[in-house]
Amino acid sequence: MMDADTASAALGIELTELGEGRAVCRMTVTRQMINGHDLCHGGYVFLLADTAFACACNSHGPVTVAAGAEITFVSPAHAGDVLVAEAAERTRYGRSGIYDITVRGADGRVVAEFRGRSRELRQVEG
């Protein structure tokens, strides 16, 4: 899946760990990701967390997509910061799942907390 993810690749997001129901992704905040307050735009933090979420929920095999997600921004990130998003599965039930993702700075501070809800797609035979 990550090999075909041109959005994440364009932002320099790397998958550094992958296991069943878990994933870790890393991204360096560039000047192009900075908003008018000289902070990393929240959309980029969300995208990093969403990428880790996608890797974790697709680790089981069936094609799985986001059914919804929310994020809480805790502390700012700045140009040059290396952000790490760690995704962990909380539960899977039927074709649905819940995943928590923590985004941290290299110093360990929490930048954001993200919760994603996943849904496995039904395979259509053609």
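Just so it is clear, the structure is predicted and the values come from calculations on it, not from any experiment. No hydrogens, no waters, no symmetry mates; every other heavy atom, side chains included, goes into these values.
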Find out if a path of hydrophobic residues (ILVMFWY) with successive side-chain heavy-atom gaps under 4.5 Å connects V24 to V29.
no
Do V84 and M2 sit in one hydrophobic cluster, given that two such residues count as connected whenever their side-chain heavy atoms are within less than 4.5 Å of each other, even indirectly?
no
Working for salt bridge (charged side-chain N to carboxylate O under 4.0 Å, His left out), residues E14 and R26
CA-CA 5 Å; E14 303 171 76; R26 179 177 56 210; 3.3 Å; yes
For D107, I'd like to know if atom CG has over 12 heavy atoms of other residues, nucleotides or ligands within 6.0 Å.
yes
Spacing of [atom1] belonging to [X] relative to [atom2] belonging to [Y], to within rounding of 0.5 Å:
X	Y	atom1	atom2	value
I101	D50	CD1	CG	8.0 Å
H41	L47	NE2	CG	11.5 Å
F114	E70	CZ	CD	9.0 Å
F46	F73	CZ	CZ	8.0 Å

Return the minimal non-hydrogen interatomic distance between [X] and [Y], and the atom names on each side.
X	Y	result
G21	Y99	O-CE2, 4.0 Å
Y44	M27	O-CE, 3.9 Å
A77	L83	CB-CD2, 3.9 Å
V110	S75	O-OG, 2.7 Å
C25	I13	CB-CG2, 4.0 Å
V103	A85	CG2-CB, 4.0 Å

Kindly indicate whether the side chain of [X], heavy atoms from C-beta on, has any atom under 4.5 Å from the side chain of [Y].
X	Y	answer
R95	R119	yes
D81	R109	yes
D100	E113	no
S96	R117	no

Going by an N to O cut-off under 4.0 Å, is there a salt bridge joining R22 and E17?
yes
Short question: side chain of [X], backbone of [Y] - any donor-acceptor pair under 3.5 Å?
X	Y	answer
T91	I98	no
N58	A54	yes
R92	S118	no
H37	L39	no

Step by step, would you call H60 with E89 a side chain to side chain donor-acceptor pair (under 3.5 Å)?
CA-CA 11 Å; H60 297 288; E89 181 179 282; 2.5 Å; yes
Run the side chain to side chain donor-acceptor pair (under 3.5 Å) check on S8 and T51 step by step: do they pass?
CA-CA 7 Å; S8 295; T51 298; 2.9 Å; yes
